[in-house]
Amino acid sequence: MSEGVTGQPFPDGFGEGETPVPHPLLEPVLGFLGRWQGRGQGGYPTLDGDFAYAQEVSFGHDGRPFLRYEARAWLLDADGAPLRPAARESGWWRLQDGGRVEALITQPTGITEILTGRAEDGVVDLATHTVALTPTAKEVTATRRRYTLADADTDAEQGPHGDTFTFVHDLAAVGQPLQHHLSATLRRAAGQSTRPASSWNSSVQ
């Protein structure tokens, strides 16, 4: 007689003191581990005007050399009150030797981005490798995403860490050239550690 599953035996880690221990290849992005909250501004030539939004972002890992990424946003009215749900996306940052990053990001609007770039000195800079669209998705041809730990302190063993990161998203879509689309500032959620545990002894719409 088989027994039912009673719980997740390998939960993700989000910060210091949590298991599992991060993989060594995650060193350049350890500062992004955790849950983040903040606000941003957006706009695009095909939209009626600029807009304000709030966002929650999380980065976790299960001990292997990739981060699990999830983000959800909602529009704000002129007084800063929630208006309606906006962008959601999830995916993975796959870390390679030398701080190289391969990212996969999927959106419920029928868009999947595959991006490549680097993680270095508290900055993750990603640009389009491929965009895949479902038959009914709006045309997107290229993106660029830049995640910067804005107040990072660098630790010799654990790399850059901080309590704030900024996000800038450029977009080429529906016949428009690559240009600014979104920018936001997010702060580490209350109770989140600024220094994820290290797994080795060495001298992020």
Side-chain angles (χ1 to χ4, degrees), residues 12-16 22-42 53-61 64-73 87 89-107 113-131 142-172 178-189 192-200 202-205:
D12 285 352
F14 291 92
E16 184 175 5
H23 190 282
L25 285 176
L26 294 182
E27 179 191 5
V29 295
L30 286 180
F32 291 94
L33 281 176
R35 298 176 178 88
W36 305 79
Q37 300 169 335
R39 294 189 176 192
Q41 297 285 329
Y53 67 96
Q55 189 172 40
E56 292 183 346
V57 174
S58 67
F59 295 96
H61 74 98
R64 291 178 287 177
F66 52 79
L67 293 188
R68 171 78 166 100
Y69 162 77
E70 186 166 5
R72 63 188 302 170
E89 56 187 31
S90 61
W92 312 92
W93 288 5
R94 303 178 66 244
L95 273 293
Q96 313 294 316
D97 289 333
R100 292 179 293 113
V101 183
E102 300 173 349
L104 300 85
I105 298 175
T106 301
Q107 301 159 15
E113 302 174 38
I114 298 177
L115 308 103
T116 59
R118 294 188 60 81
E120 188 174 30
D121 298 327
V123 178
V124 178
D125 200 343
L126 302 171
T128 299
H129 175 75
T130 304
V131 178
T143 66
R144 182 183 179 189
R145 295 163 177 260
R146 187 175 178 90
Y147 305 77
T148 303
L149 288 167
D151 54 357
D153 293 323
T154 298
D155 182 284
E157 292 188 0
Q158 298 178 17
H161 297 271
D163 286 322
T164 303
F165 83 77
T166 59
F167 169 63
V168 177
H169 184 190
D170 297 337
L171 176 68
L178 188 68
Q179 60 192 283
H180 179 76
H181 176 42
L182 302 170
S183 59
T185 298
L186 294 95
R187 292 176 175 81
R188 197 177 296 276
Q192 293 291 299
S193 169
T194 62
R195 294 194 176 275
S198 175
S199 64
W200 67 99
S202 67
S203 47
V204 147
Q205 187 165 111

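When a residue number appears, it is its place in the shown sequence, counting from 1. Given the structure is predicted, the values throughout are model-derived calculations rather than measurements.
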Do you know the tightest heavy-atom contact between Phe14 and Phe59?
CD2-O, 3.2 Å
Would you name the heavy atoms of Ala150 and Thr166 that are closest together and state the gap between them?
CB-CG2, 4.2 Å
How would you list, by chain and number, every residue that makes a side-chain contact (heavy atoms from CB on, under 4.5 Å) with Gln37, sequence neighbours excluded?
Glu56, Ala189
Strictly below 4.0 Å, N to O, side chains only: are Arg146 and Asp170 in salt-bridge contact?
no
What pair of heavy atoms forms the shortest contact from Arg68 to Gly91, and how long is it?
NH1-N, 3.4 Å
Test item: Arg100 side-chain N/O and Arg94 main-chain N/O as donor-acceptor pair under 3.5 Å
no
Tell me, yes or no, whether the heavy-atom count around His180 atom NE2, taken from other residues, nucleotides or ligands under 6.0 Å, exceeds 12.
yes
Among Leu115, Val124, Val168, whose side chain to side chain contact (heavy atoms under 4.5 Å, CB included) with Arg145 holds?
Leu115
How many angstroms lie between CD in Glu89 and CZ in Arg72, if you round to the nearest 0.5 Å?
12.5 Å
Closest non-hydrogen atom pair between Ala172 and Leu178, with its separation
CB-N, 3.5 Å
Are side-chain heavy atoms of Glu102 and Leu104 found at a separation under 4.5 Å?
no
Set of residues satisfying ring-ring contact (aromatic ring centres under 6.0 Å, His included) with respect to Tyr53, sequence neighbours excluded
none
Return the minimal non-hydrogen interatomic distance between Pro28 and Gly99, and the atom names on each side.
CG-CA, 4.1 Å
Going from CG on Leu149 to CG on Asp121, what distance comes out if it is rounded to the nearest 0.5 angstrom?
10.5 Å
Using the six-membered ring wherever Trp is involved, compare the ring planes of Phe66 and Trp92 and label them parallel, tilted or perpendicular (cut-offs 30° and 60°).
perpendicular
State the OG1-CG distance between Thr143 and Leu126, to the nearest 0.5 angstrom.
8.5 Å
Interatomic distance, Leu25 atom CG to Gln96 atom CD [nearest 0.5 angstrom]:
7.5 Å
Do His23 and Arg64 have side-chain heavy atoms sitting under 4.5 Å apart?
no
Which distance, rounded to the nearest 0.5 Å, do you find between the CG of Leu186 and the CZ of Arg35?
14.5 Å
Who are the side chain to side chain donor-acceptor pair (under 3.5 Å) partners of Arg118, not counting sequence neighbours?
none
Assess whether side chain to side chain contact (heavy atoms under 4.5 Å, CB included) is satisfied between Leu95 and Val101, documenting all intermediate values.
CA-CA 5 Å; Leu95 273 293; Val101 183; 3.8 Å; yes
Any idea which heavy atoms bring Leu182 and Gly42 closest together, and the distance?
CD2-CA, 3.8 Å
